[in-house]
Colleague: 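Sharing a structure here in structure tokens format.
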Amino acid sequence: MAKNLLIVESPAKAKTIEKILGEDFEVKSCYGHIRDLAKGDMGIDVANKYKPTYIVPEDKEKVVKELKSIAKKSGEVWLATDEDREGEAISWHLCEVLGLDPKKTKRIVFHEITKPAIQKAVLSPRTVDMNLVNAQQARRILDRIVGFELSPVLWRKMSMGSNLSAGRVQSVAVRIIAEREREINAFTAVSTFRIEALFTANDISGKPVTFSAEGKKHANVEGAETFLKSCINAVYKVADIQVKPAKKSAAAPFTTSTLQQEASRKLGYSVSRTMLLAQRLYESGKITYMRTDSVALSETAMEDAKNQITSQYGKKYHSPRQYKNKNENAQEAHEAIRPTYMENNTVEDSDGKRLYELIWKRTMASQMADAELEKTTAKIQISTNKDELTATGEVLKFDGFLKVYREDRDEEDMEDEHEEGMLPPLTVNQQLPLKEMLATERFSRPLPRYTEASLVKKLEELGIGRPSTYAPTISTILKRGYVEKRDKEGVKREFRILKLKNNAISKETDSENTGAEKSKLFPSDLGLVVTDFLKLYFDDIMDYGFTARIEEEFDEVAAGKIQWNVMIDDFYLPFKKDVDNTIENAERASGERDLGIDPITGKKVIARMGRYGPMVQIGDSSNEEEKPKFAKLKTGQSIETINLEEAMELFKLPRNLGQFEEKDITVNIGRFGPYIAHDGKFYSLGKEFDPYTINLEEATPILVEKRTAKEQRTIKVFEKEKIQLLRGPYGPYIKQGLRNFKLNKDQQERVADLAIDEVKAIIEELKANPPKKVPRRKKT
DNA sequence: CAGTGAGCGAGCTTCCGCTTGACTT
């Protein structure tokens, strides 16, 4: 008898399941979606109830062909795609493509790849749920409409039109970054004075130790000083001691989002690096599936963890628990991310090692007992004053899960927190000798800028995007230039300290670095202008609650309560009106901002977006006699924050530094950054040089060095044909215009002797038969 | 590759979500 064919989404899963199911089944994977909307005309017939046109994308033709041929030879086809909206749709598309009847074809689901789960699933097959499929179609079609209607509006209305895009997810992601930036710009720090008293008391062994107690904060320096003065000659006594037990619980096992956050905080990984490493661990069978929003562990995994915990740490450390998702949007087609075998507490793979160990520890901790603490709060009376001081201490009584793992927190949630130390044993009425008392000025801080991972966290909270799209979404907004990932240097800020010691008050100032950021997401001017534009004309799409609201409607489609095309119609009609209105009435947006008057010419100076990015401009373009002067903004500068003085500075380029070999050397900033121009040739200037201050003496050696490097790289030039033979890191190659052509080994060895005819032949050959298909890559 | 910055408008771009590889100038 012919084997049955079971189709899953992931090839790694297919392998495992085939082993579990044995002889009767051949298990194949379809690699995710196998069909998508056609590109032309949105792939949707709006006039015909939004009838979609589906095609098999080029890169899926091979797998579809293979599945077709296997299906023909097989007994029965079983569909085992993921149990969520997308998975259901994939099953339906498979029916369509393989010519199966969705009403009769067996559809099974499981949340975990374990023998009992899969065997159980096989015993109770169902059929494709068309309501759920329709919910997916609605989701897909709405996203296509939003993306393909909105993007062209930007092409027409933004001064930097081409290569822009907008979408339900990416545009809101940019908005989040943009709004945080503006909050930070609008923020003014206020300072308060924190009172900290240092006392001495004996610890258990009788050794004197210092501990600190906090007083009420004071709004200004006068208040702080008055308070310190009032404490002169005071006597300090313990008035009250409270001891309370406290508990800390472990965090839930990893989902995609929490894994990305912890890997970012603890290991400094970007979201895409985390996913790349996790993918490798998954493919080598080390961890479960890495794109998931579920915190659930399978029975077998819990049992596995239990054995590890009890054998390594003892029974006392084990406390089984099943976690539930807080997130309503979770579709939970998979388990949480966990090691496949808990007995492996590490892996060989040197790149994935740290990530694996993080996953292992988190999974272990999630099944471990709470940590038990004892929190002590002591109130300290001041004899001369109504105010009290408070000393707090924390003692860990039982470490529990903290033995293996502690979750890091975001900067955002850490405001004003500090690690609690231990307190020496104190008794009520005990008199405490004051070592010193400080009133330290502390400034309030704006919220920090987002990291990739904290943006993912925010998106997840808003229900925007899915585990499989967090990393690609970040790539998209970076690629479009809406957002930049970079560091920011802090600025020095002075703060005041008043000190009461030996009954005398002294004042001093100290300084701290503030506002420094590392690897954070900053909106570009383009991102700000596009966000403002979209908010003005498409406030509903840009609303943080938009996705959550339409998700409710998708749920109604899935429940069979409404027709998917009725739902789409309700959305599309008003949306299309907005699109038409915007195209007709909206002004081109450039984010123009007045900076003031040029002191020399008396003309207006403005900052705005130009065709090639943010710039400053002196004079009006409506003035036909004299063209305005333009200058590009430097990286790190923004239309929103640049001032007149900084703008005038930018007009100092290009600078003529003087002569070398009887030709002028000039510096300027071009399309690819700062450069030196000399004798009709260009040499880019490294980051360590500032084009505004570099002088002839500094520029000349750079020029000479770069010139020789360029000469050495060049093996031969065929002037007339505009073909060059160059030496690159992968050996000699041919360059014709912008295109490069690879030489084979033999040709590389004879590169110096290659004649023009042979070079031309190689180019023709390679043009006719490209070595292998390279995924279409954009010119950069 | 090292300009440009207005408008006209050939012909192009674009979405989100599901899955892996292939590739370097």
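Keep in mind that the numbers below use all heavy atoms, side chains included, and drop hydrogens, waters and symmetry copies. Reminder, nothing fancy here: chain letters follow the sequence lines and each chain counts from 1.
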Colleague: Nearest whole angstrom, please: distance from the C1' of B:dG17 to the CD of A:E551.
Modeller: 12 Å
Colleague: Report the distance from atom CE of A:M290 to atom P of B:dC18, rounded to the nearest whole Å.
Modeller: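 In whole Å, B:dC18 P and A:M290 CE are 12 Å from each other.
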Colleague: Figure out the NZ/C1' separation between A:K15 and B:dT20, and round it to whole Å.
Modeller: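 It works out to 12 Å between those atoms.
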Colleague: Under the criteria of a ring-centre distance below 5.5 Å and an interplanar angle below 30°, is A:F630 stacked with the base of B:dT4?
Modeller: no
Colleague: Expressed in angstrom and rounded to an integer, what is the separation of A:L526 atom CG from B:dG5 atom P?
Modeller: 19 Å
Colleague: Of the options B:dC16, B:dA2, B:dC15, whose atoms approach the side-chain atoms of A:R139 most closely?
Modeller: B:dC16
Colleague: Can you tell whether the side chains of A:D679 and A:K663 come within less than 4.0 Å, N to carboxylate O?
Modeller: yes
Colleague: Would you indicate what A:G167 reaches in the nucleic acid, counting non-hydrogen atoms under 4.0 angstrom: base, sugar-phosphate, or nothing?
Modeller: sugar-phosphate
Colleague: Using the side-chain hydrogen bond (donor to acceptor under 3.5 Å, both in side chains) criterion, which residues pair with A:Y482? Sequence neighbours excluded.
Modeller: none
Colleague: For A:D82, which residues count as a salt bridge (charged side-chain N to carboxylate O under 4.0 Å, His left out) partner, sequence neighbours excluded?
Modeller: A:K13
Colleague: Mind checking A:E149 for me? I need base, sugar-phosphate or nothing, with any heavy atom below 4.0 Å counting as a touch.
Modeller: nothing
Colleague: Whole angstrom is fine here: how far is it from CG in A:D59 over to C1' in B:dT19?
Modeller: 10 Å
Colleague: To the nearest Å, give me how far apart OH (A:Y612) and C1' (B:dA2) are.
Modeller: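 Computing the A:Y612:OH to B:dA2:C1' distance gives 14 Å.
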Colleague: Is A:R107 paired with A:E88 through a side-chain N to carboxylate O contact shorter than 4.0 Å?
Modeller: yes
Colleague: Which residues pass the ring pair (Phe, Tyr, Trp, His ring centres under 6.0 Å) test with A:F660, not counting sequence neighbours?
Modeller: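 Here the qualifying residues are A:H678.
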Colleague: Under 4.0 Å: is that the gap between some side-chain N or O of A:R144 and OP1 or OP2 of B:dC16?
Modeller: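 False: A:R144 side-chain N/O out of range (4.0 Å or more) of B:dC16 OP1/OP2.
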Colleague: Would you say A:S468 places a side-chain N or O within less than 4.0 Å of OP1 or OP2 belonging to B:dC18?
Modeller: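 Checking B:dC18 against A:S468, a side-chain N or O does come within under 4.0 Å of OP1 or OP2.
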Colleague: Cation over ring, A:R655 on A:Y692, under 6.0 Å and within 45°?
Modeller: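 Judged by the rule, A:R655 and A:Y692 form no cation-pi pair.
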Colleague: At a heavy-atom distance below 4.0 Å, what parts of residues 272-284 of chain A sit against DNA chain B?
Modeller: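 Close to the strand are A:Q279, A:Y282, A:E283.
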Colleague: Does either side chain, that of A:Q137 or that of A:Y54, offer a donor lying less than 3.5 Å from an acceptor on the other one?
Modeller: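 Per modelled atom types, A:Q137 and A:Y54 side chains form a pair under 3.5 Å.
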Colleague: In whole angstrom, give me the gap between the C1' atoms of B:dG9 and B:dT13.
Modeller: 15 Å
Colleague: Answer with base, sugar-phosphate or nothing: what part of the nucleic acid does A:Y470 contact at a heavy-atom distance below 4.0 Å?
Modeller: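 Answer is nothing: A:Y470 stays at 4.0 Å or more from every strand.
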Colleague: Nearest-nucleotide wise, let me know which of A:P11 and A:L150 is further upstream toward the 5' end of DNA chain B.
Modeller: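 The residue closer to the strand's 5' end, by nearest nucleotide, is A:L150.
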Colleague: Under 4.0 Å, counting only non-hydrogen atoms across every strand here, what does A:V146 touch: a base, just sugar-phosphate, or nothing?
Modeller: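 Nothing: the residue A:V146, judged by heavy atoms under 4.0 Å, touches no strand.
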Colleague: Identify, with sequence neighbours excluded, every residue that meets side-chain hydrogen bond (donor to acceptor under 3.5 Å, both in side chains) alongside A:S257.
Modeller: A:Q261, A:E460
Colleague: Indicate whether A:F148 forms a stack on B:dT14; treat it as stacked only if centroid distance is below 5.5 angstrom and interplanar angle below 30 degrees.
Modeller: yes
Colleague: Requiring both pairing distances under 3.5 angstrom, list the stems that contain DNA chain B and are made of three or more consecutive Watson-Crick or G-U pairs.
Modeller: none
Colleague: Taking A:R139 first and then A:E86, would you say they form a salt bridge - that is, a charged N and a carboxylate O separated by under 4.0 Å?
Modeller: yes
